[in-house]
Amino acid sequence: MRRGWKMALSGGLRCCRRVLSWVPVLVIVLVVLWSYYAYVFELCLVTVLSPAEKVIYLIFYHAIFVFFTWTYWKSIFTLPQQPNQKFHLSYTDKERYENEERPEVQKQMLVDMAKKLPVYTRTGSGAVRFCDRCNLIKPDRCHHCSVCAMCVLKMDHHCPWVNNCIGFSNYKFFLQFLAYSVLYCLYIATTVFSYFIKYWRGELPSVRSKFHVLFLLFVACMFFVSLVILFGYHCWLVSRNKTTLEAFCTPVFTSGPEKNGFNLGFIKNIQQVFGDKKKFWLIPIGSSPGDGHSFPMRSMNESQNPLLANEEPWEDNEDDNQGKLEWPSF
């Protein structure tokens with residue numbers, strides 16, 4: 001009976017946590033909806049008197065708004081990608097590993113299993129990176145997210161503002177969301193500023209629109225400052241081909257720690273996130289190269305790294321290529 005109560009309580013807490021995790025997203029959505037009302041109705045339709053100015057403001061605003069909301073949607077609802085079955089321990093290997101009591105033998109078992117996989121990073125002690133919660137050998141740049149309770153390919157961080165784990169499958173969308181957020185706030189601030197001055201000087205009548213316009217400028221500037229710092233930081237990470245986790249904890253390779261192990265040069269680093277087709281760079285469509293399980297490295301020569309060689313790249317069976325996708329900081 002007591003066990004049943006504990007299970008019910010645990011289930012209730014998990015349910016509450018899932019609900020509460022959407023609160024930051026709800027806050028952002030409400031702020032965006034209010035900003036839309038304040039800008040379109042209170043500023044453009046009520047405050048702005050020139051018809052030509054109204055049309056120009058509304059056209060550019062809606063163009064930015066579409067991409068802003070589109071990238072935010074993609075950041076929220078693009079599922080984090082998990083390692084495919086190739087990296088999971090088989091039932092037999094799992095039993096052997098769990099029944100083995102000697103740590104050095106367990107370590108050697110993982111080394112033998114990892115020889116069949118394109119895995120080149122290690123733990124700080126030089127051991128194969130293994131997740132005992134997901135029972136899998138972690139691919140390079142893969143980490144376990146405690147919030148999502150799963151391993152995420154090329155994990156960057158878990159973002160509460162999108163209620164999602166940012167990784168290989170949606171990092172491009174997250175960067176685009178930051179870029180369009182900065183542009184959205186900047187556009188609002190620059191177009192509202194002149195009317196803010198007019199209200200401040202008393203050149204416009206003190207009506208209800210005044211408070212929306214004044215508060216709109218304040219909110220746009222506040223978000224702009226915080227977003228431009230965050231966006232600038234992630235631009236620096238992309239230019240170095242690093243994730244947030246790798247910036248704080250230097251990745252360790254078979255040859256030892258190397259903070260620039262994935263740095264391929266500025267242009268190639270950008271292509272690792274956005275792809276080599278520039279026409280897709282500004283559009284929230286998946287174009288990142290590879291499958292998220294292995295990445296080119298600067299420290300390995302072509303004969304060692306299949307992604308840089310002229311040989312055929314490492315491939316899975318057709319069934320294995322279907323990576324498991326599950327839903328779920330700054």
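For the single chain, residues carry numbers from 1 onward in sequence order. These values consider heavy atoms only, across backbone and side chains, with no hydrogens, waters or symmetry-generated copies.
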Exercise. Yes or no on ring-ring contact (aromatic ring centres under 6.0 Å, His included) for Trp70 and Phe177, after CA distance, side-chain angles and deciding distance?
Worked result: CA-CA 8 Å; Trp70 187 6; Phe177 165 62; over 10 Å; no

Problem set entry | side-chain contact (heavy atoms from CB on, under 4.5 Å) assessment of His143 paired with Cys151 | CA-CA 5 Å; His143 296 274; Cys151 285; over 6 Å; no

Between [X] and [Y], do the side chains contain an N or O donor and an N or O acceptor separated by less than 3.5 Å?
| X | Y | result |
| --- | --- | --- |
| Thr123 | Ser125 | yes |
| Gln81 | Ser169 | no |
| Tyr72 | Ser181 | no |
| Ser35 | Tyr184 | yes |
| Lys277 | Ser287 | no |
| Tyr91 | Glu95 | yes |
| Asp156 | Thr244 | yes |

For this session: Apply side-chain contact (heavy atoms from CB on, under 4.5 Å) to the pair Tyr180 and Leu282, showing each step before the final yes or no.
Result: CA-CA 10 Å; Tyr180 287 117; Leu282 300 179; 3.6 Å; yes

Answer whether the closest heavy-atom distance between the side chains of [X] and [Y] falls below 4.5 Å.
| X | Y | answer |
| --- | --- | --- |
| Asn164 | Ile76 | no |
| Tyr171 | Val238 | yes |
| Leu26 | Val23 | no |
| Leu58 | Val40 | yes |
| His212 | Tyr37 | yes |
| Glu100 | Arg102 | yes |

For this session: Among Tyr36, Tyr187, Phe68, find the one that has a ring pair (Phe, Tyr, Trp, His ring centres under 6.0 Å) with His62.
Result: Tyr36

For this session: For Tyr195, enumerate each residue passing the side chain to side chain donor-acceptor pair (under 3.5 Å) test, keeping only those at least two apart in sequence or located in another chain.
Result: Glu53

Exercise. Say you draw a straight line from CG of Leu175 to SG of Cys235; how long is it, rounded to the nearest 0.5 Å?
Worked result: 6.5 Å

Exercise. Thr121 side chain to Phe253 main-chain N or O, any donor-acceptor pair under 3.5 Å?
Worked result: no

For this session: Would you check if the side chain of Ser288 reaches a backbone N or O of Val273 as a donor-acceptor pair within less than 3.5 Å?
Result: yes

Problem set entry | Lys154 NZ/CZ over Phe168 ring centroid, <6.0 Å and within 45° of normal | no

For this session: Cation-pi check, Arg141 to Phe295: give yes when NZ or CZ is under 6.0 Å from the six-membered ring centre and within 45° of the ring axis, no otherwise.
Result: yes

Seminar exercise, completed: Closest heavy-atom pair, Leu264 versus Met297, reported as atoms and distance to 0.1 Å, is CD2-C, 4.1 Å

Seminar exercise, completed: Checking Tyr61, Tyr39, Tyr57 against Thr191 for side-chain hydrogen bond (donor to acceptor under 3.5 Å, both in side chains), the one that qualifies is Tyr39

For this session: Could you give me the CA-CA distance, side-chain angles and deciding distance for Ser209 and Glu42, then say whether side chain to side chain donor-acceptor pair (under 3.5 Å) is met?
Result: CA-CA 5 Å; Ser209 299; Glu42 299 296 346; 2.6 Å; yes

